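See structure below.
One is the number of the first residue; the rest follow in order along the sequence. What you see is a predicted model, and the numbers here were worked out from it, not measured in a lab. Each ligand, and each atom within it, is numbered from 1 in the order the structure gives.
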Amino acid sequence: MRYTRQGVSIEYDDIGNGVPLLLIHGFPLDRTLWRAQIAGLSQLYRVIAPDLRGFGHSGDTDGAAVTLEQYAADLNSLLDSVNVKQAVLGGISMGGYIALAFYAQYADRVEGLILANTRAVPDSEEGRQSRLANAQKVGEAGSGFLVEAMAPQMLGPAAKPELKIAVRSMMARQRAPGIMSALRGMAIRPDRTALLRFATVPTLIVSGSQDALIPPSDSEAMHAVIPDSRLVIIPDAGHLSNLDKADAFNHVVREFYKQVA
Ligand code: MLT
């Protein structure tokens, strides 16, 4: 399925019936990240999973910053185009940053929030500089160095070799301009802690005990400030907990849905 916003086509899966679940992938990945959720949850809910602009089969960006608010605006028009008024938003990592940007702007469309392996705080100054330097380097030399650096940190140590290969190839096939845009957008994201303090939506926070990129302590910090939230740290799961421990991840989503729907 496909729709176009501001001249950029956005491709997405839209499978199943019931309370919609909009799934937002992380960086530098695409919607195939959610294949185990589409397989395991679409019998129960309507699962909508887009490729963010610049990633997967969606249209290209020009390498300039795409802010998290801009990705969120794409998702807002996606919901319009599929006639969905309200959805549960599930974002992992960068997808979590986007879910928070979406909630900041379109709270009345959010029936529940799933914040997986993500954080509310912005980058440190050092982190910001390193993202901007990486964006520049991707433009000059391609994304190979970034894939090499990140791939070993995406899954827990016990992940099966075929899963590691799948993640590496998902990262390797993403295009340089989309990667540069996302790096530059993430570098200027604001602190969402104050937003969460006043959140009035049921929220599920998921982490992996082996997450090497965004440690469980960041998830605990969000749990501490969101009044109505539940925190689950999946044992032995790495950063992409939905892929690494798909059954456990789907189980916590199903339990959460009982609270929402
Ligand atoms: C992700 O998995 O989306 C990224 O690790 C997020 C980030 O770089 O902050």
Set of residues satisfying salt bridge (Lys or Arg N to Asp or Glu O under 4.0 Å) with respect to Arg128, sequence neighbours excluded: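 Counting only residues at least two positions away or on another chain, Arg128 forms a salt bridge (Lys or Arg N to Asp or Glu O under 4.0 Å) with Glu125.
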Residues that Glu148 engages under salt bridge (Lys or Arg N to Asp or Glu O under 4.0 Å), provided they are two or more places apart: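 So Glu148 forms a salt bridge (Lys or Arg N to Asp or Glu O under 4.0 Å) with Arg168.
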Heavy-atom side-chain proximity of Phe27 to Ile179 below 4.5 angstrom: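 They are in side-chain contact.
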Heavy-atom side-chain proximity of Thr61 to Met180 below 4.5 angstrom: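 Side chain of Thr61 against side chain of Met180, heavy atoms only: no contact under 4.5 Å found.
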Non-neighbouring partners of Asp228 that pass side chain to side chain contact (heavy atoms under 4.5 Å, CB included), sequence neighbours left out: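 With sequence neighbours excluded, Asp228 shows a side chain to side chain contact (heavy atoms under 4.5 Å, CB included) to Pro202, Gln259, given in chain and number order.
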Residue contacts for ligand 1, heavy atom to ligand atom, distance under 4.0 Å: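 Correct list: Gly26, Phe27, Ser93, Met94, Tyr97, Arg131, Met150, Met186, Leu213, His239.
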No-hydrogen, no-angle side-chain donor-acceptor test under 3.5 Å, Arg173 and Thr32: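 The answer is yes; a qualifying pair exists.
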